[in-house]
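First comes the structure, then the notes that go with it.
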Amino acid sequence: MQTVQVIVDVPTMQTNRPYTYLVPERLTNQVEAGMRVIVPFGRGHREVQGFVVATGQTESAYQGALKELTALMDLTPVLNPEMLALSKWLADHTYAFWISCLYTMLPNLLKAKTKRLVRVIDEFDPQLQQSLFGEAATLDLAQVQTDPAAMHELVKLKRAGKVQIEYAVEDQARAKQVTALQATLDFEVYEELLATVPKNAKAQQRLLVYLQGLGEQKVPLKAARQQTGLSLATFRLGEQRGWLKKSLVEQLRTPMRQTKGADRPVTLNAEQTAAVTAIQAGIQAPTAPTFLLKGVTGSGKTEVYLRAMAAALANGQTALMLVPEIALTPQMVQRVRGRFGQQVAILHSGLSNGERYDEWRRIQRQEVQVVVGTRSAIFAPLPKLGLIVIDEEHENSYKQEDAPRYHAREVAKWRAQYHHAAVVLGSATPSLESYARAKTGNYHLLTLTHRVNQQPLPPVTVVDMRQEPRQGGESNFSRALLAAVQARLAKGEQSILLLNRRGFSSFMMCRDCGYVLKCPNCDISLTLHLATQNMKCHYCGFEAPIPQRCPHCASRQIRYYGTGTEKVEAELKHRLPAARVIRMDVDTTRRKGQHAKLLQAFGQHQADILLGTQMIAKGLDFPNVTLVGVLNADTGLDLPDFRAGERTFDLLAQVSGRAGRADKAGQVFIQTYNPDNYVIQLAQAGNYEAFFGAEMQLRKQAQYPPYFYTVRLMVAHPEEKAAAKVIHQLARRLQGHLAPETVVLGPTPRAIARIKNQYYYQIVIKYRHDPALHQLLTELQHEIQRDRQLHFAIDPDPQYFM
DNA sequence: AGCACGCCGACT
DNA sequence: GTCGGCGTGCTC
């Protein structure tokens, strides 16, 4: 009998392997690898969703009786052989469950909902039955679970054999269907009918002519009504007379379909031409080269991407392009769509599940040749990939922070290898890892040094905040910056003010006893929110009213410290009452689409000042903006994170490149308490090369990437002792099994030791070459699962260490 | 995860 | 003596 290997939807370490199932007679030769199936799993009648990862392998070591799979969920595989192989690699590489990887690669709708229904199978107390079930035959267990009393009764009934639990695995994937119409008669017949319809029945005549012209095709009713202007009643009449028939057709939910006009290729300069030529050769070669396209803002990277993508298409291949965040880069999407039209699919987090599923199906059915999207779009099942572009490759949104902890860049390289495709990494400030690889010849370096519009970069002024007068309380604004903003106001030009808030918050402190208001669940101080008049925990969402007295010593001498966007906004209002300010931070952009809305309003000059956190750095493409001010450039510099300098440099470089985009000259102010810091100085000079040199020295000394690789082991437990015990066990297990050069940092409690009532500990391993490490970590992962309250994770190449 | 088995304390 | 608490182990 035919058997299949199935990965079941039970994400635990113990079940993280294929299970063998028999294929029942009726399904023989229908089941293929990559299909979703429903299988019985565990005792009782439990059924779960699973993925067939292999077929026809009978050599199972399992001694027990094999079960049959219950049903197929797909007629054709949802995963092709490439995607199956990729999922396996991903699970191995990121220490994640295989099932989690499979789901990560697919649209959410392909994850089935499991329902548990309780059914009465034997009579019991009618009164109790009435109260539990009412008139219904079954009960959804998920709904009862909130009611402990009812659950208690059901457990007793289950034990007594009065009720049983039935399992239903429900596929959520649905195609949207609309009514369509189709002509039923031949051309000549309509001709005859036209002659018989009364002369004054204009609507009927128009309908007949319309149907005559349709031929075989099915047209959605809505579209037909729009095209003809006829009423629903007329179509109904046509149906009654047998002139047309209605049916249901599938309609794809496609977002933002309208294109704002075609995008025409721009003439390339010599550097761009050289880059395109090199990439084109890479696409055609039977290898998988990676290119690093380094070019300052405005040097025409996008045009190179578009030309390279066109080259892949011309070669009969497809192209995939990743952007950090679609909401922030609408221009990029517009240009790709403008250039390639309907052959483009868009994938990003702003899509509804239905839209995402439909875009995915367009790709799956090979209706598109180009995909643009955010991180997870790297899994778009494009066949015959010729090119993968990763724009702003240094952005850390390409690394997923929860399981599976993959980096899109690494997945891109894997897929390129599979297809012999080319990878293009683009950035003005490449990650140190990528630039180092380009320097050693691992990647091919392509450089764009000229700005297309020949505009010089705006002058950058560093303001030493230590020199500012202190009288009248501390201000967020230096005299120079405030004067510059005022000057812009007078000229009717716009300013952008950026508050670098990473690792920063405003907190309440008692001046008498020094008590700081902290979250009861997490070990961090609560942040003051003026708009909602309360204190919030930014980690777990806990809220409390603003205290009037110190909860510890009852003193009234309680005040808040630090700087938040709200506080800056208040100061702006006070100092520049005439200025119209748009504030942009996590609070004002929480709602979907709010982000784009605020940027649009600013673009239409509905405000003079855009004030926000780093999120505004990416939306800085406004011709009327001639001033950019960074209020506190260095708050990020002191973080206990070896990438702090790199992130600050990126942020400042990005900001500096963006003031004065059009004909007006721009100006940049960077306020800092560390004007001598190399990051600030080199950012001011816009000298990436020098920054790279300096930072590489530090990394080499401290044995950090790109000289060393890092892996982070994390343990979380509600009991601090239990967490500490496990992390020390792990540390001991590592001893004596690592390469001599490998370094173990920790174990340490995380910077914020307690979040959501969980205690966190971590170990960071730095290594150059340690062939046994991966195997060792995989084994640790298996050994560790004992306490059910314990969370354990391994993060390869973590982006943050706090 | 979700379920059953199994071994100890507080009730009939 | 049993009911039901939750620690432990297993799922093709």
Side-chain angles (χ1 to χ4, degrees), chain A residues 1-24 27-28 31 33 35-73 91 96-103 111-119 121 124 128 139-146 148-170 402-403 717-719 722 725-726 781-793:
Chain A
M1 209 170 185
Q2 196 189 357
T3 61
V4 287
Q5 301 296 320
V6 176
I7 295 293
V8 293
D9 183 6
V10 183
T12 66
M13 209 55 237
Q14 300 100 55
T15 52
N16 186 29
R17 60 195 168 83
Y19 286 88
T20 310
Y21 283 89
L22 296 170
V23 180
L27 298 177
T28 322
V31 52
M35 283 180 174
R36 295 176 303 151
V37 289
I38 298 171
V39 292
F41 193 71
R43 280 174 275 208
H45 307 273
R46 194 181 168 202
E47 297 204 312
V48 297
Q49 183 181 12
F51 288 85
V52 177
V53 292
T55 59
Q57 288 170 0
T58 31
E59 15 84 44
S60 165
Y62 184 64
Q63 290 304 301
L66 298 180
K67 288 182 181 173
E68 285 188 353
L69 56 88
T70 309
L72 300 184
M73 294 179 72
F97 305 129
W98 196 348
I99 188 70
S100 311
C101 294
L102 289 163
Y103 282 132
K111 181 173 167 65
K113 281 233 156 64
T114 29
K115 264 198 170 166
R116 286 181 295 161
L117 298 171
V118 189
R119 185 184 292 280
I121 50 170
F124 60 92
L128 181 61
L139 208 58
D140 189 339
L141 196 58
Q143 276 157 30
V144 193
Q145 254 158 353
T146 53
M151 273 309 283
H152 191 81
E153 292 299 338
L154 284 175
V155 169
K156 277 203 290 191
L157 288 166
K158 174 88 197 303
R159 286 208 181 151
K162 301 292 185 190
V163 300
Q164 74 176 18
I165 296 176
E166 292 176 359
Y167 297 83
V169 179
E170 278 179 15
D402 44 9
H717 198 282
E719 304 285 338
K725 194 177 141 199
V726 173
Q781 193 172 214
H782 278 93
E783 291 168 20
I784 206 168
Q785 292 286 341
R786 229 159 282 140
D787 188 336
R788 284 175 126 84
Q789 309 227 62
L790 182 84
H791 293 280
F792 175 62

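None of these values were measured; they are calculated from a predicted model. The figures here come from the full heavy-atom set of this structure, side chains too, leaving out hydrogens, waters and symmetry mates.
- Protein atom CD of A:Gln14 is 14 Å distant from nucleotide atom P of B:dG2, rounded to whole Å.
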Is there a side-chain contact (heavy atoms from CB on, under 4.5 Å) between A:Thr20 and A:Gln5 once you walk through the steps?
CA-CA 5 Å; A:Thr20 310; A:Gln5 301 296 320; 3.4 Å; yes

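- When the P atom of C:dT11 is taken as reference, atom CZ of A:Arg17 falls 7 Å away, rounded to whole Å.
- Rounded to an integer number of Å, the gap from A:Ile38 CD1 to C:dC12 P is 16 Å.
- Remark: P of C:dC12 and OH of A:Tyr19 are 8 Å apart, rounded to the nearest angstrom.
- Between the P atom of C:dC10 and the CG atom of A:Asn16 lies a distance of 17 Å, rounded to the nearest Å.
- Considering A:Val31, A:Val4, A:Val37 in turn, A:Val4 is the only one that fulfils the side chain to side chain contact (heavy atoms under 4.5 Å, CB included) rule with A:Tyr21.
- Aromatic stacking is marked for A:Tyr62 over C:dC12, as both cut-offs hold: 5.5 Å for the centres and 30° for the planes.
- Taking the salt bridge (Lys or Arg N to Asp or Glu O under 4.0 Å) definition, one finds that A:Arg43 meets it with nothing, sequence neighbours left out.
- Counting to the nearest Å, the P atom of C:dT11 and the NZ atom of A:Lys67 are 9 Å from each other.
- Here A:Phe41 lies in heavy-atom contact (under 4.0 Å) with a base.
- You'll find that the side chain of A:Lys156 is closest to C:dG4, out of B:dA1, C:dG4, C:dC12.
- Per the geometry, CD belonging to A:Gln789 stands 12 Å off C1' belonging to C:dC6, to the nearest Å.
- Within the structure, every pair that satisfies the side chain to side chain donor-acceptor pair (under 3.5 Å) test and touches residues 45-54 of chain A, not counting sequence neighbours, is listed here: A:Glu47-A:Thr70, A:Gln49-A:Tyr103.
- For the side-chain contact (heavy atoms from CB on, under 4.5 Å) test, residues two or more places apart in sequence or in another chain that qualify with A:Ala142 are A:Asp140.
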Between the protein and nucleotides 3-10 of chain B, are there any N/O to N/O pairs under 3.5 Å, and if so, what are the atom names and distances?
residue: B:dC3; atom: OP1; partner: A:Tyr167; partner atom: OH; Å: 2.5
residue: B:dC3; atom: OP2; partner: A:Arg116; partner atom: NH1; Å: 3.2
residue: B:dA4; atom: OP1; partner: A:Lys158; partner atom: NZ; Å: 3.4

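- Residue A:Pro18 is out of contact with every strand shown, counting any heavy-atom pair closer than 4.0 Å.
- Scored by the side-chain hydrogen bond (donor to acceptor under 3.5 Å, both in side chains) test, A:Glu153 finds no partners at all (sequence neighbours excluded).
- For A:Glu170, the salt bridge (Lys or Arg N to Asp or Glu O under 4.0 Å) criterion is met by no residue, not counting sequence neighbours.
- Taking atom CG of A:Leu69 as the reference point, atom P of C:dC12 lies 13 Å away to the nearest angstrom.
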